[in-house]
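Below: one structure, written as C-alpha cells.
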Amino acid sequence: MRQFLIFTQKEFFHIFRDRWTMMMLLALPIAMIILFGFGITTEIKNTRFAIYDPSRDVATQGIVNTMEKNEYFTLEGYVENPDQIETIFKEGKIGLLVVFSEGFYENLVHTGDAQVQLIADGTDPNTASTITNYATNIIAGYQLELLKIGEIPFQITPEVKLLYNPTMKSAYNIVPGVIGMVLMLICAMMTSVSMAKEKELGTMEVILVSPMPPILIVISKVIPYFVISIVNLMNVLALAVFVLEVPIVGNFFLLVFVSLLFIFVALALGLLISTMVETQLVALLLSVVGLLMPVIMLSGLMFPIENMPIILQYVAQLIPAKWYITAMRDVMIKGLGFTSIIKEVAVLSIMALVLITISLKKFKIRLE
Amino acid sequence: MKAVIVQELERSYDKVEALKGISFEVDQGEIFGIIGPDGAGKTTLFRILTTLLLADSGFASVDGNEVVKDYKSIRKKIGYMPGRFSLYQDLTVEENLKIFASIFKTTIEENYHLIKDIYQQIEPFKKRKAGALSGGMKQKLALSCALIHKPVVLFLDEPTTGVDPVSRKEFWDMLDKLKHQGITILVSTPYMDEASLCNRIGLIQDGNFLKIDTPENIINQYENVLLAAQSNQMSKLLKDLRTEEDINTCFAFGDSHHITIKKESLAENGGNFSIDKLTMDLSNKGHKDIHIEPIKAGIEDCFMELAK
Amino acid sequence: MKVIESENLTKRFGQFTAVDNISFAVEKGEIFGFLGANGAGKTTAMRMLCGLSKPTSGKGTVSGFDIEKQSEEVKKNIGYMSQKFALYEDLKVWENLRLYGGIYGIEKKAIGPKIDALLHQLGFESEKNTMVKSLPLGWKQKLAFSAAIFHEPKIVFLDEPTGGVDPAARRQFWELIYDASDRGITVFVTTHYMDEAEYCNRVSIMVDGRIEALDSPKNLKKQFEAENMDHVFHQLARRAKRN
C-alpha cells in the first residue's frame, strides 16, 4: 500500500511542478467553456432587417414593433420600392427583409390568411435558416396575441414553439459538449503522454524491473488525472450555471454519475494509447487526431449527426462522447431521469469495460 | 549456485542479429565485466537478464531463477541501472530515492547502511532536483536507487559512459566495496581500461564473445610480438611504419604507436626482423629520437587482435 | 598564426561562475586537447568560442573574429561535431553531406563532385545511398567528422567525438584528425579517453572553471612527475572543490 501511495504522490509532483501542465489542466477547460459559450456561438444577434409594407396597418405595425423589441433584430428601415430589394441585400446592410402583402390586416381578420414573406441572405444557409426561424416565431407569437383579443372562434395557429431551448440559446447545447471534450482531453491525452514520458526517460525500465505489479503502475498513473477531471467537471459546471446561465434542470448526482462513467472510458482510452506508443509526441498526436477530432466533429457537438452521410452516422455511434453528450443534454437541460438515459449509460459502461480489459491485457510486463 | 547462467542466447531485431548465441556464467560475489563497443549487444543482453526482453532462443537464469518463467522472483532481488540514468528529473534527490525504496517495499532507513558511502556524497544536495545534478552525481544517485533494496545481483549497463576519468575511478572504488559486501555485479563498459578492475571479463563484439577469462589470462594469452615505437614525428611515423613489410598492424596508442610483427618475419621463424633494422629504416626516412621497445600487451591490444 | 585567442574569458550564471577568467591561444593546424572533469566548465567555454553563448566578461577571437560581436562570421569559419548529435539518422549518407554543404553555402554544382571525392577518400562509395542509422558507430563518427570539415573550415570543434567507439575505429578516427591537422585545419577536441590526450599537440586541463595546466603532454607529464596523462589528470581533477 505504501508502495502505491508514494507512487501516486510522485504523479502529483510531476503535475504540480510543471507550470505548463498545470495551466493546461486547469486553465484550458475554463478558457474553452468561455470561448465556446460566448465566442463561437451559433446564435445570431442584432440582425439588421428591413420592411416592405404596402399596407401599413395595425397588424403590420404590431409585428414590426415586436420584432424591433427583440434582442435578435434591429430595424434598418423601410423599403419603398420592390426594385430596391436586390440592391439593399447586395450592399450587405441587412440580413432579413420582411415583405407584407397588401391589405394585410383585412386579410388576417376576414379570411385568416394573411401573407408574410421572409427573405434572407442565402449565402450562409445556416444563418439564414436561423434568422427566418426566429422571425417566424415572432410573427406567430404576435398572431397568437392578436387572436386572443380578436375573439375569433376558430383559427389555426401555427405553433412553432421551440422545446427546452425557447430562446435557442446555443450555450445550452455547447456546455455538455465542452465538458465531454475537456474530460476526453485531460484523461486520455495526459494519461497517455505521462506514460510515454516514462518510457522515453527510461524510468519505465527500472520500474518494470521491480516487484511493483503492473496494475498498480497503471492505477497510480490514472488517479491524479481522475481527481483533476472531477475538479474540472465542477469548474465547468459552475461556469455554465453562473456565467453562461445554463441551468442544471435534472438531478445533479445523476449528472455526476454519467460524467464519472465517461471519465473511466476516457482514462481507458488513454491507457490504450499508451500501450501502443513509445514517445510523448506520438501519444500527443494520436490523442488529438484519434480522440479530440472525433469528439469535435462526430459527436454532435458541432454538427448534427442526423445531417451526416450514413457512413459517418455509423462511425459516430462508436464515439463515446456522442453517448455522453446525449445523456448530458437529457439530464442537464431536459431534466430527464435515469430511466431515459439507460441506453447511453449501458453503452458507456460496455465501452469502459471493454477498453479497460484490452488496455490491461496489452500493458507490457516487458519492454516489447 | 552460479549467480548468472547464460546458454546459447540469441536475439534479433528485424534482420539485425544483436546476440548470436552467447554463453557464459558468473560466479557469486564477482565483478563480471562485459566489455565492447556500442552496438556489440551489451544492452540487449542486460535487458534479457533483467527480464525486460525475451530472447528468441537459449536459456538464461539469474540467482537460480529462469528469466522468462520466474521473472517475478528475479525482479524482487536484482538491482538495475540502465544506460541512461533513469531518474525523475523533476523530483529531488531524496524523493527519487524514496520512490525507488518504496516500489521495492523497503525504506531508506532500513537499508541506509548499504548506500551510506555513496549516498553521503550527494546527501548535501538532497533537496536539489535530480535534473540539476552533474553527471557524476546523477550516477551516484542512480546507483543508490539501484541498491536501496539490497539486491543479490546488480546489473549496471554502461554506468561510466561519458563520465570523466576521476568520477569513473570513484565509481569503480564503490563497486569494489559492494563486491566485498557479497553483491554479484555485472557491468558493461566501452572503456577497455576498466577491464583490470573486474574479476573476469567477456570481450564482446557483434553479438559474440571474443573471449571470456580473467584480465590477466587474456593478456598472458596474447601471442604476438608487440612493440611500442616513438619518434619526433608521430603522425608521419604511423604512415611510415605501415609501409614496413615486416609489420603486421600499427596503431596509435597514446604517446607511442603499438606495432605487431608478422610471424614469418621473426628471427625464430627464419625471418630477419630486428629492432635495430627497423630503427635504421626509420632513421633513413628522416625520423629522429627513435625509441622502439618490446612491451606487454594491454586489454585494448588483445581486443584489437581478437576482433580482427 | 593564432586562430583562437581567449583573454580572461568569463561566464557567470547568477552566483555560479562556470568559466573563470581563462586565457589561452591555439596555433593554426594545432590539435588542442581541452580536458576537464564533468562540470568543470568545458562545454560552456566551448559554446562561447563557437559563438553560441555570450561571455559575461573577457574577450575572445576565433579565426580573427570577435566571438561576441561577430558570432555569425565565427560560425561560418568553424566546423562542429559532438557525440550526441552528428548526422541525421533518417537521411542517406549523401543527403547528410549535401545538407551540410548547403548549410555552409557551398555552390550547388560543386557539392556533387565534392561528395563523391570525399566518399572515395574514405572508401565509402558503396554506402552513398545507405541510411545513416544502419551504419556501424565507428563509420558514423568518421562520416560525421568529414561532414564537419566538408566546408573546409579553419577550425573544427569536436565534443567527445569517440565515446563508445570500438578501439580500432577510434584510432582510425584519430588518423582522420591528423590528416585534417596536416592540411592546416585547427582541431579543438574534448575527450574522456586519456590516451587520446597524448595525441594532442597541447592539452589544457580545466578545474572548477579555470585552466589549471596547459602544455604539451610530454611537458605536463614531466611537470607532474606522472607516468601518463591519466595520472596528470587525476592529480589536477582531485583539486576540484565544487560538486
Side-chain angles (χ1 to χ4, degrees), chain B residues 14-16 35-40 42 83 121-122 124-125 133-139 158 160-170 189-193 203-206 230 234-236 238-239 242 249-258 298-305 307-308, chain C residues 31 35-40 42 83-84 134-138 140-141 160 162-175 177-179 181-182 190-199 201 206-207 216-218 221 227-240 242-243:
Chain B
D14 295 326
K15 283 176 199 145
V16 185
I35 299 180
D38 287 3
K42 301 191 298 282
Q121 302 175 41
I122 47 173
F125 310 103
L133 296 178
S134 73
M137 292 208 290
K138 275 187 190 160
Q139 183 198 38
E158 297 206 13
T160 53
T161 295
V163 177
D164 66 77
V166 173
S167 303
R168 272 164 55 195
K169 178 77 178 29
E170 285 175 7
T189 178
Y191 295 102
M192 304 277 158
D193 57 349
L203 297 177
I204 191 170
Q205 188 170 45
D206 291 335
Q230 288 172 312
M234 292 301 281
S235 173
K236 182 169 183 290
L238 196 64
K239 291 192 179 96
R242 287 199 178 142
T249 63
C250 172
F251 286 108
F253 262 80
D255 59 352
S256 61
H257 298 326
H258 286 192
I299 285 294
E300 210 157 3
D301 296 297
C302 298
F303 188 94
M304 285 165 75
E305 180 60 27
K308 262 202 306 209
Chain C
I31 302 175
L35 312 185
N38 298 109
K42 281 181 309 197
Q83 186 205 346
K84 286 170 202 103
S134 51
L135 290 176
L137 181 70
K140 270 186 215 171
Q141 298 303 85
E160 288 181 42
T162 53
V165 179
D166 74 77
R170 202 151 67 81
R171 291 181 167 80
Q172 287 163 8
F173 188 89
W174 271 91
E175 284 169 32
I177 294 182
Y178 276 136
D179 287 346
S181 143
D182 288 346
T190 73
T191 179
H192 284 321
Y193 289 99
M194 285 307 123
D195 60 332
E196 292 185 349
E198 309 263 11
Y199 305 153
N201 300 113
M206 271 184 97
V207 181
S216 66
K218 206 174 167 183
K221 282 184 278 185
E227 212 173 290
N228 53 35
M229 281 303 290
D230 198 37
H231 292 162
V232 175
F233 187 86
H234 274 86
Q235 286 187 38
L236 281 166
R238 287 203 190 282
R239 294 183 190 167
R242 72 192 191 200
N243 268 344

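Quick note on labels: first sequence line is chain A, next is B, and so on, each numbered from 1.
- The minimum heavy-atom distance between B:Asp38 and C:Gly163, with the atom names listed, is OD2-O, 4.2 Å.
- Between C:Asn38 atom CG and B:Arg168 atom CZ the span is 10.5 Å, to the nearest 0.5 Å.
- Residue contact with chain B, scored on non-hydrogen atoms closer than 4.5 Å, is absent for C:Pro217.
- For the atom pair B:Ser235 OG and C:Asp182 CG, the distance stands at 4.5 Å (nearest 0.5 Å).
- Using a cut-off of 4.0 Å between Lys/Arg side-chain N and Asp/Glu carboxylate O, B:Lys239 and C:Asp179 are scored as salt-bridged.
- For chain C, the nearby part of B:Phe303 is the side chain; its heavy atoms alone come within less than 4.5 Å.
- Of all the heavy atoms in C:His234 and B:Pro165, the pair that sits closest is NE2-O, 3.6 Å.
- Neither the backbone nor the side chain of B:Gln121 comes within contact range of chain C; no heavy atom of the residue lies under 4.5 Å from a heavy atom of that chain.
- The minimum heavy-atom distance between B:Pro37 and C:Val165, with the atom names listed, is CB-C, 4.1 Å.
- With rounding to the nearest 0.5 Å, the separation of CE in C:Met194 from OH in B:Tyr191 is 9.0 Å.
- Rounded to the nearest 0.5 Å, atoms CZ (C:Arg170) and CD (B:Glu300) are 4.5 Å apart.
- Interface summary for chain C: among B:Ser256, B:Gly39, B:Ala252, B:Pro190, the most heavy-atom pairs under 4.5 angstrom belong to B:Ala252.
- In this structure, chain C has no heavy atom under 4.5 Å from any part of B:Glu158.
- Separation of atoms NZ (B:Lys236) and OH (C:Tyr178) is listed at 14.5 Å; rounding is to 0.5 Å.
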Chi angles and distances behind the side chain to side chain contact (heavy atoms under 4.5 Å, CB included) call for B:Val166, C:Arg238: CA-CA 7 Å; B:Val166 173; C:Arg238 287 203 190 282; 4.1 Å; yes
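- Contact count versus chain B (heavy atoms, under 4.5 Å) is highest, among C:Asp166, C:Asp230, C:Thr191, for C:Asp166.
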Residues B:Asp255, C:Lys221; criterion side chain to side chain contact (heavy atoms under 4.5 Å, CB included); working and verdict: CA-CA 11 Å; B:Asp255 59 352; C:Lys221 282 184 278 185; 3.0 Å; yes
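- To the nearest 0.5 angstrom, C:Arg171 atom CZ is 5.0 Å from B:Met304 atom CE.
- No side-chain donor-acceptor contact under 3.5 Å links C:Asp195 to the backbone of B:Phe253.
- Between chain B and the residues C:Pro167, C:Gly138, C:Ala197, the largest count of heavy-atom pairs under 4.5 Å involves C:Pro167.
- By the 6.0 Å contact criterion, NZ on B:Lys308 is enclosed, its count of non-hydrogen atoms from other residues, nucleotides or ligands being greater than 12.
- Shown here is B:Lys169, whose NZ atom has no more than 12 heavy atoms of other residues, nucleotides or ligands within 6.0 Å.
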